[in-house]
Undergrad: 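Okay, here's the structure, questions in a sec.
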Amino acid sequence: MGIFHLETNCKCGFVFQIKLSYKQNYENLEDKKSVKMEPSVLSLFGKQFVRGISTTACACGKRNFKKFPIYNKRGTRDFKARQAKNPHPDVPIHTYGVRPIGYKAGTSFMKINELVPEIIVPDLTGFKLKPYVSYRVNDIVQPPMTPEELFGAVYVKKITEDFKLGKLGPDNQPLHPSPEESLSPEEAKEKVLAIRSDIV
Amino acid sequence: MRLTAMLSKIAKYSTDYSNLPESYIKRAMRQVYWEAPKDLPQYLPVTLEKKKFRYTMNRPWTEEFRRQNLSRRKKVFVEPLKEWTFFRGDRVEVLVGKDKGKIGLVSQIIEERNWVVVEGLNVHYRWIGKTDDYPGTVIQSEAPLLVTNEVALVDPTDEKGTKVEWRYTEQGEKVRVSKRTGHIIPVPISASETIDFKTKAGYPEQEKDTRAADISEHTYIPQSKTFEMDLMEHYRLE
């Protein structure tokens, strides 16, 4: 089926597509998406010419915005020259993810020491682990530690010993509590917050 | 997953043999036409990249593969196989070509194209290193053979090619059985070979490899401390 597109601009700003299509034995006009006017039939070579209007916009809303952001090396020579002197507020200089270590005051650059990243590398003397693992090693699967495991590592030994030796008082509280056992929830939270951690 | 998506993916044997991490292979194969800038909110996170690759004799993370896949070529139809029956070091009989009837060892497998390269068979000769005065050297290069109809596994009992099926033994082990005689064709040891080692136990440990003893050591002692508290005490910042 042949379709010829003609674009006309209306006062309201919409662009209508007027399709001139010739059809052969077209049964259901409702199948077509475009709104059809009264078909004015012209027969040419045994085929019928039918006029219609499509109310969908020309490009179906598709636009190519891929080259839209005019970063550092994009743009005309004039534009780049103007940007170098006085960058336009809407087109800031793109740093590609590099974080600033200061700010520019006029022509000079003011460095702020607190913005300079400080990389803390621990002392690796006597460190046995190396970048790669030998193929001879069998796959070790260690799931993440659960709270039960932590409890087991910190409290279980003392509790079992106390129980065997009968050092548990009424209500099964320890008679001689260890530092961890004597810690109350409020005290524990205070200790944690005192070191400026992000636990709320 | 669509069959086409499954076929355009790299096969498991290729990643196993190379010992390369999957993330590296993905990164090396990537051919991005355009990617939306991540810092601009008006763009949806869209990446226009090449999805369908034509697998060749070169490995997918190599530069030669990239060059071969830069332009769009005619589509290649690969028969999807349920199970893969050929392994490195298998004895196979060539069924087509001028080496028809000959038996050779499988040296290379390219599962993505159902290919198998037999050592020394189905060869052609080509000249390399040709300059203006020097005619170059002739080298022998094996052409790949299709696993479906150009090659057959050799039955060790009668030294002839047979059709093979995967069956289970009484013990529950999955084995290859020759359809003609019913004998089991064992999987060769070199099937588990990789580019770095022939067997894991025989791998020579290098300078930068961590030994088994160091890895399995338990150095972490769980304590009821937060990470920050532990660091404070370690560096004595209190």
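Per chain, numbering begins at 1; letters A, B, ... match sequence-line order.
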Undergrad: Between B/Tyr55 and B/Phe65, is the ring centre distance below 6.0 Å?
TA: yes

Undergrad: Where the side chain of B/Arg211 meets the backbone of B/Asp209, is there a donor-acceptor pair that is under 3.5 Å apart?
TA: yes

Undergrad: Name all pairs fulfilling the side chain to side chain donor-acceptor pair (under 3.5 Å) condition that reach into residues 93-106 of chain A, sequence neighbours left out, sorted by first residue then second.
TA: A/His94-B/Asp39

Undergrad: Between B/Phe227 and chain A, with a heavy-atom cut-off of 4.5 Å, which part of the residue counts as in contact: side chain, backbone, both or neither?
TA: neither

Undergrad: Looking at A/Tyr71, I'd like to know if its OH atom is crowded, meaning that more than 12 non-hydrogen atoms belonging to other residues, nucleotides or ligands lie closer than 6.0 Å.
TA: yes

Undergrad: If you round to the nearest 0.5 Å, how far is NZ of A/Lys85 from NZ of A/Lys80?
TA: 15.5 Å

Undergrad: Considering only NZ, NE, NH1 and NH2 on the basic side and carboxylate oxygens on the acidic side, decide whether A/Asp78 and A/Arg82 come within less than 4.0 Å.
TA: no

Undergrad: Does any backbone or side-chain atom of B/Thr226 lie under 4.5 Å from a heavy atom of chain A? Answer side chain, backbone, both or neither.
TA: side chain

Undergrad: Using the side chain to side chain donor-acceptor pair (under 3.5 Å) rule, take A/Tyr135 and B/Asn19 through it: C-alpha gap first, then chi angles, then the decisive distance, then the call.
TA: CA-CA 10 Å; A/Tyr135 287 109; B/Asn19 277 326; 3.3 Å; yes

Undergrad: Within the supplied structure, the quantity of interest is the number of heavy atoms (other residues, nucleotides, ligands) at a distance under 6.0 Å from A/Phe109 CZ; does it exceed 12?
TA: yes

Undergrad: Can you pull out the residues in residues 212-219 of chain B with any heavy atom less than 4.5 Å from chain A?
TA: B/Ala212, B/Asp214, B/Ile215, B/Ser216, B/Glu217, B/His218

Undergrad: If the threshold is 4.0 Å, N to carboxylate O, is there a salt bridge linking B/Glu193 and B/Arg88?
TA: yes

Undergrad: Any Lys/Arg nitrogen of B/Glu83 or B/Lys174 sitting under 4.0 Å from an Asp/Glu carboxylate oxygen of the other?
TA: yes

Undergrad: Any salt bridge linking B/Arg91 with B/Asp155? Criterion: basic side-chain nitrogen under 4.0 Å from a carboxylate oxygen.
TA: no

Undergrad: Non-hydrogen atoms of chain A under 4.5 Å away: do they reach the side chain of B/Leu40, the backbone, both or neither?
TA: side chain

Undergrad: Sequence neighbours left out, what pairs pass side chain to side chain donor-acceptor pair (under 3.5 Å) with at least one residue falling in residues 58-72 of chain B?
TA: B/Ser14-B/Arg59, B/Thr56-B/Gln68, B/Asn58-B/Gln68

Undergrad: For A/Pro122, is it the side chain, the backbone, both or neither that has a heavy atom under 4.5 Å from a heavy atom of chain B?
TA: both

Undergrad: In terms of heavy-atom pairs under 4.5 Å with chain B, which of A/Val192, A/Val137, A/Val133 leads?
TA: A/Val133

Undergrad: Using a 4.5 Å heavy-atom cutoff, which residues in residues 196-207 of chain B come close to chain A?
TA: B/Asp196, B/Phe197, B/Lys200, B/Ala201, B/Tyr203, B/Pro204, B/Glu205, B/Glu207

Undergrad: Side chain, backbone, both or neither: which part of A/Leu129 has a heavy atom under 4.5 Å from chain B?
TA: both

Undergrad: Chain B heavy atoms under 4.5 Å from A/Gln142: which part of the residue, side chain, backbone, both or neither?
TA: side chain

Undergrad: Would you check, one step at a time, whether the test salt bridge (Lys or Arg N to Asp or Glu O under 4.0 Å) holds for B/Lys225 with B/Glu228?
TA: CA-CA 8 Å; B/Lys225 276 188 224 164; B/Glu228 288 90 357; over 6 Å; no

